[in-house]
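Bear in mind that the values here come from a model prediction, so they are computed numbers and not experimental data. In what follows, chains carry the letters A, B, and so on, assigned in the order in which the sequence lines appear, proteins first and then strands, with residues in each chain numbered from 1.
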Amino acid sequence: MKIKLWILDVNYEVVGNEPEIRLWGITSEGKRAVVKVRGFKPYFYAVPKANVSIEKAIGSLKPLISQYRILSIDRVQRKYYGKPIEVIKITCQLPPTVPQLREAVLKLKTIEDVLEADIRFYMRYLIDKDIYPCAWHEIEVERESIRGLSVDEVYRAISDPKYLSEMTRIPDLKVLAFDIECYNPRGTPKPQRDPVIIISVKTDSGKEEILTADDHNDRNLIRSFIDLVNSYDPDIIIGYNNNGFDWPYLLNRCKALHMKLNISRAGGSPAQSVYGHFSIVGRANVDLYDFAKDMPEVKVKTLENVAEYLGVLKKSERVLIEGSELYKYWDNPEKRKTLYDYARDDVKSIYGLGEKILPFAIQLSSIVGLPLDQVGAASVGFRVEWYLMKQAYKLGELIPNRVERPYTPYKGAIVLKPKPGLHENIVVLDFSAMYPNIMISKNISPDTYVPPYEEVSPDEVYVAPEVGHRFRKKPPGFYKQVLGKLLQVRNEIRKIMKTLDPHSYEYRVLYERQRALKVIANATYGYCGWIGARWYKREVAEATTAWGREIIKKTINMAKSLGLEVIYGDTDSIFVRYIEDKVKKLCELIEKEFGLRVKPDKIYIKVFFTEAKKRYCGLLPDGRIDVVGLEAIRGDWSELAKEVQEKVIEIVLKEGDPYKAVKYVSDTISALRNKKIPLSKLIIWKSVTKELDKYEVKTAHVAAARRLLEAGYRLEIGDKIGYVIVKRPGEKLADKAMPYILVKDIDEIDVDYYIKKQIIPAAMRILEYFGIKESQLEGATYQKSLLEFFG
DNA sequence: GCCTTGAAGTTACCG
DNA sequence: ACCGGTAACTTCAAGGCG
């Protein structure tokens with residue numbers, strides 16, 4: 001019989017000395033099913049040394065056959081960096097043997113290198129059989145007994161799955177969102193000691209459950225959670241930082257209680273896997289925090305903030321409890337209800353985030369080929385790489401090894417000096433997908449690169465400006481093929497989208513798909529210049545930016561010769577006065593000259609620059625204001641300073657009245673002096689980017705971080721520290737930086753710091769260019785000290 | 001020993 | 001654990017001065 005299966009998860013087991021791949025998913029009838037695949041065997045390649053014949057190399061492998069259970073040794077024809085190559089394919093019985101066998105093969109004097117020996121077995125299967133997670137496949141199967149697996153149907157495959165690219169529908173997925181709260185009277189909770197007190201759950205069936213501990217005993221709570229998961233039997237489990245907190249906590253808690261967290265569809269517990277995420281066999285465990293990291297607009301990525309940003313739940317409409325205070329709400333019977341509400345709001349937020357994020361995650365998974373639970377956890381580089389690996393296999397290209405290399409810097413893009421001041425009626429012209437298109441049009445790729453010592457006729461190659469790197473015009477290189485496909489498929493999707501109702505379900509699916517394609521295409525240039533990349537080639541990245549610089553320089557000259565004044569430009573954009581016919585002409589010229597598309601992106605009624613690059617603000621026709629690079633959008637300035645700057649910008653751009661802005665600033669300063677500004681607006685957030693001891697300089701946020709540690713909080717690399725500046729003896733700012741959580745009274749605040757180092761700089765950044773002097777900003781109530789007066 | 005100054009360290013941004 | 005280019009802040013140490 002034939003079934004159609006939407007693939008949710010993949011793993012493998014060794015059964016009776018045979019590897020068995022398991023494809024977990026949902027059938028077109030809506031059944032949860034697993035398809036077992038036998039017969040696929042692990043393999044890798046050995047490349048003989050240049051002076052060794054392939055026969056001799058094969059001969060030298062023979063002694064390894066019995067020890068490592070080698071099944072076959074074959075001569076095969078492949079391509080390596082575009083060049084035909086004959087290599088030895090070594091197939092063995094069991095996946096765990098591969099690492100040892102690989103080492104043994106590498107030791108042979110006949111062998112130069114080993115390729116593709118570091119690809120996990122089930123991923124190898126997905127690559128070779130052209131199978132895509134989160135996509136439909138048709139498989140010829142036979143029914144088998146269910147025996148111990150939590151699914152409706154178990155099958156054995158009797159054909160290879162066939163990818164059904166036309167079938168874009170996503171099945172009805174059972175989603176379970178969860179969140180845990182822990183008892184934490186002594187700072188950060190410790191699983192060996194502190195129980196879980198609440199597990200909140202929300203499912204797509206509409207069920208919301210707040211499971212609670214029996215006072216300080218969480219055994220029954222965890223039991224109930226396990227039962228709930230298994231009885232609801234979700235396809236997808238979502239959480240917020242569940243890979244970083246909830247799963248490790250629950251697992252360690254279970255260990256302490258001698259319990260098993262058996263919630264997988266094969267009966268096991270979550271297990272830590274590649275990319276540090278937790279894998280739950282047969283389900284997809286997705287950590288939405290991984291996707292929140294890609295939302296630069298949200299500076300402090302707490303669940304509340306992300307939920308508010310995505311329009312899921314406003315902070316003003318939910319219960320908020322300071323993390324360190326949770327235990328008080330648990331211990332106090334009158335407050336406990338509030339804690340339940342808090343837990344409910346958290347899980348509602350997670351569920352809502354899931355609705356916003358999962359459609360994209362699903363498309364990303366199906367495009368790059370990583371299972372849904374891994375695709376979020378994998379870094380951008382690995383996402384690109386899996387896509388490339390799949391494509392390489394299709395092209396008969398061998399996958400290069402991951403090798404350690406030294407970091408070699410190279411030149412990047414051009415940034416123009418802006419013309420400072422206020423400009424009216426300015427259009428921003430953007431090259432669409434500049435780097436991918438340069439790579440395509442110049443055929444830039446590791447396999448088309450011609451090294452300096454190689455002689456080749458000049459008309460056969462493209463030569464990069466400045467750096468002189470040469471790339472063969474033909475045949476199409478790896479990057480060209482891969483990027484060409486990404487962009488082409490994206491264009492096809494966008495064409496279909498135009499025929500659809502933007503509110504339709506189909507439209508949403510395609511929208512997310514084209515977005516995922518764009519993300520991968522745009523990351524490919526960065527990938528090729530990443531020293532950790534399998535397909536790294538410095539010359540590839542270097543040539544791409546060199547052509548980019550040339551194009552933007554020529555574009556500027558073309559604009560100038562058309563009589564268009566260029567105000568600013570960065571990498572792939574130029575800002576010019578909007579004179580419609582000239583701009584139109586310029587776009588046509590560019591398209592003709594470079595074969596690249598340029599689109600008038602934004603029109604600013606007014607745009608303001610200081611002398612600094614990468615920082616400006618502008619007024620759009622619809623009245624919105626863009627702020628780029630300035631303090632107002634930076635996460636490491638106090639909300640107060642950001643608000644002041646934003647307001648100043650708004651007044652200046654919309655009303656053109658700097659004196660009104662001055663009044664606003666000095667009123668704000670007065671308000672601060674009069675303690676009318678809440679402490680929350682004075683918090684400065686900065687990330688801890690390394691271990692505290694590794695810092696060479698005594699910075700404010702590290703000093704604050706140390707104080708947090710002293711107070712019993714746990715910190716991890718990457719955490720954001722929120723601190724305020726308080727009145728304290730000490731020369732350095734760091735001496736006055738206090739975690740805001742530990743500051744009880746607004747009177748402790750060093751008001752002068754906030755005036756001189758936050759409000760005034762943020763406001764002056766703009767107002768300086770309107771002739772305003774710092775002294776004009778200070779509040780009416782301000783009395784200069786004698787020292788300052790004479791100083 | 002004190003003060004100035006510029007380099008270094010650090011973070012977060014732009015495209 | 002995708003790139004280079006950039007601004008801005010604080011700390012720190014060197015250099016100049018007396």
Side-chain angles (χ1 to χ4, degrees), chain A residues 274-276 293-294 296-297 299-300 377-385 387-388 402 404 407-418 428 430-435 439 519-538 540-542 544-546 548-549 552 568-575 601 609-616 626-637 641-642 684-690 694-703 717-718 720-721 725 730-737 753 756-758 761-762 764-765:
Chain A
V274 277
Y275 316 121
K293 287 181 199 148
D294 289 336
E297 300 86 347
K299 307 295 174 188
V300 182
S379 68
V380 176
F382 290 115
R383 291 177 196 171
V384 172
E385 192 150 275
Y387 176 74
L388 297 180
R402 198 173 281 294
E404 272 196 56
Y407 168 69
T408 324
Y410 65 89
K411 245 172 118 179
I414 286 182
V415 188
L416 302 186
K417 272 200 182 132
V428 184
D430 266 323
F431 283 91
S432 27
M434 186 196 238
Y435 285 167
M439 292 173 83
V519 165
I520 298 299
N522 285 344
T524 303
Y525 149 73
Y527 170 85
C528 78
W530 169 43
I531 54 170
R534 289 176 191 267
W535 278 277
Y536 168 81
K537 187 89 190 149
R538 194 199 80 242
V540 166
E542 200 170 32
T544 306
T545 56
R549 291 192 297 274
I552 205 78
Y568 178 63
D570 184 351
T571 311
D572 60 353
S573 69
I574 58 164
F575 291 51
D601 184 33
F609 285 93
T610 67
E611 272 160 17
K613 297 170 174 180
K614 295 186 184 279
R615 322 184 103 211
Y616 57 90
D626 261 351
V627 180
V628 179
L630 293 163
E631 286 77 4
I633 58 145
R634 288 183 65 98
D636 54 354
W637 283 73
K642 289 161 60 164
I684 296 161
W685 295 90
K686 273 198 169 85
S687 305
V688 171
T689 61
K690 51 189 168 189
K694 299 250 166 73
Y695 280 88
E696 295 178 45
V697 177
K698 196 178 175 193
T699 65
H701 74 301
V702 171
I717 292 167
K720 278 214 158 87
I721 310 295
I725 300 303
E731 303 221 320
K732 294 179 184 65
L733 191 61
D735 301 322
K736 306 181 182 191
Y753 168 80
K756 290 203 186 95
K757 299 289 181 175
Q758 292 276 325
M764 283 304 286
R765 192 83 57 219

Can you establish whether the number of heavy atoms outside A:Lys293 located under 6.0 Å from its atom NZ is more than 12?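 Buried by this count: over 12 neighbours within 6.0 Å.
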Within the supplied structure, the quantity of interest is the number of heavy atoms (other residues, nucleotides, ligands) at a distance under 6.0 Å from A:Lys690 NZ; does it exceed 12?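 More than 12 heavy atoms, drawn from other residues, nucleotides or ligands, come within 6.0 Å of this atom.
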Contact class for [X] vs. all strands (heavy atom < 4.0 Å): base, sugar-phosphate, or nothing?
| X | value |
| --- | --- |
| A:Gly381 | sugar-phosphate |
| A:Ile414 | nothing |
| A:Ala734 | sugar-phosphate |
| A:Arg765 | sugar-phosphate |
| A:Tyr407 | sugar-phosphate |
| A:Val384 | nothing |
| A:Ala413 | sugar-phosphate |
| A:Gly412 | sugar-phosphate |

Options [options], nucleotide nearest the side-chain atoms of [X]:
| X | options | answer |
| --- | --- | --- |
| A:Pro761 | C:dC9, C:dA8, B:dG15 | C:dC9 |
| A:Glu631 | C:dA8, B:dG15, C:dA7 | C:dA8 |
| A:Ala612 | C:dA8, C:dT6, C:dT11 | C:dA8 |
| A:Thr571 | C:dA8, C:dA1, B:dG15 | B:dG15 |
| A:Lys732 | B:dG15, C:dC12, C:dA1 | C:dC12 |
| A:Lys757 | C:dT10, C:dC2, C:dT6 | C:dT10 |

Report yes if at least one side-chain N or O of [X] is closer than 4.0 Å to OP1 or OP2 of [N]; otherwise report no.
| X | N | result |
| --- | --- | --- |
| A:Arg402 | C:dA1 | no |
| A:Lys698 | C:dT11 | no |
| A:Tyr616 | C:dT6 | no |
| A:Lys299 | B:dC13 | yes |

Basic-acidic side-chain contact under 4.0 Å: A:Lys614, A:Asp570: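 Answer for the salt bridge query: yes.
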Pair A:Arg765 + A:Glu631, salt bridge at N-O below 4.0 Å: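 Counted as a salt bridge, because a side-chain N and a carboxylate O are separated by less than 4.0 Å.
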Over all atoms of both residues, closest heavy-atom pair of [X] and [Y]:
| X | Y | answer |
| --- | --- | --- |
| A:Ala734 | A:Lys698 | CB-O, 3.5 Å |
| A:Arg538 | A:Tyr410 | CG-CD2, 4.1 Å |
| A:Lys720 | A:Lys299 | NZ-O, 2.9 Å |
| A:Glu385 | A:Arg534 | OE1-N, 2.9 Å |
| A:Leu388 | A:Tyr527 | CD1-CE2, 3.3 Å |
| A:Ile684 | A:Asp636 | CG2-O, 3.5 Å |

Take atom [atom1] of [X] and atom [atom2] of [N], then tell me their distance rounded to the nearest Å.
| X | N | atom1 | atom2 | answer |
| --- | --- | --- | --- | --- |
| A:Ile717 | C:dA1 | CD1 | C1' | 13 Å |
| A:Glu542 | C:dG5 | CD | P | 11 Å |
| A:Asp626 | B:dC13 | CG | C1' | 15 Å |
| A:Leu388 | C:dC2 | CG | P | 14 Å |
| A:Phe382 | C:dA1 | CZ | C1' | 6 Å |
| A:Lys614 | C:dG5 | NZ | C1' | 5 Å |
| A:Lys736 | C:dT10 | NZ | C1' | 13 Å |
| A:Leu630 | C:dT6 | CG | C1' | 13 Å |

As an exercise, state the distance from CH2 of A:Trp530 to OG1 of A:Thr524, rounded to the nearest 0.5 Å.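 The OG1 atom of A:Thr524 is 12.5 Å from CH2 of A:Trp530, to the nearest 0.5 Å.
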Protein-proximity profile, nucleotides 4-11 of chain B, B/S/- by nucleotide at the 4.0 Å heavy-atom cutoff, equals -----SSB
Report for the helix from B:dG1-C:dC17 to B:dG15-C:dC3: angle between first-end and last-end helix axes, five pairs each, rounded to 10 degrees.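 End axes: 30° apart.
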